[in-house]
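In what follows, a structure is listed as structure tokens, so that the remarks can point back to it.
Model, not experiment: these values are computed from the prediction.
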Amino acid sequence: MELFYSISALGEFYRDISYLERGCSVMKEIASGVSLLLLIQGVGGIINRLAGGGPSWFLVNYIEALQGYEIIASMVLVILGAIIGVGSLKIKGKDD
């Protein structure tokens, strides 16, 4: 009877691990997407400001508190995106 309980517990343990692996995989994909979004916003914002700062869809241009600091804010977005991207590479997903 004790063997049955240990086999049952082992099955639950492996099922829990597969849920965790799936959760880590989803978290890795979300972090990668956020990283890409921040990198695009940052690099695009820098290019936009250096090219004359015309109307665009870059987020930094529409935040009043950052007016006058657009290039610095865009650089911060690039750095933050790179940090999140490196962190997402270190997350172990199901494929790793």
Worksheet item: So, do L36 and S32 sit near enough that their side-chain heavy atoms are less than 4.5 Å apart?
Response: no

Worksheet item: Can you find a heavy atom in the side chain of I71 that is under 4.5 Å from one in the side chain of L50?
Response: yes

[X] versus [Y], closest heavy-atom pair with distance:
{"X": "I84", "Y": "S35", "answer": "CG2-CB, 4.0 Å"}
{"X": "Q41", "Y": "L77", "answer": "CB-CD1, 4.1 Å"}
{"X": "S74", "Y": "V60", "answer": "OG-CG2, 4.0 Å"}

Look at the side-chain heavy atoms of Ile, Leu, Val, Met, Phe, Trp and Tyr, link any pair under 4.5 Å apart, and say whether [X] and [Y] land in one connected group.
{"X": "V26", "Y": "V34", "value": "yes"}
{"X": "L66", "Y": "V78", "value": "no"}
{"X": "L38", "Y": "L59", "value": "yes"}

Fill in: Distance (rounded to the nearest 0.5 Å) between I40 CD1 and F58 CZ
9.0 Å

Worksheet item: How would you list all residue pairs meeting side chain to side chain donor-acceptor pair (under 3.5 Å) that involve residues 53-73, not counting sequence neighbours?
Response: N48-S56, S56-N61

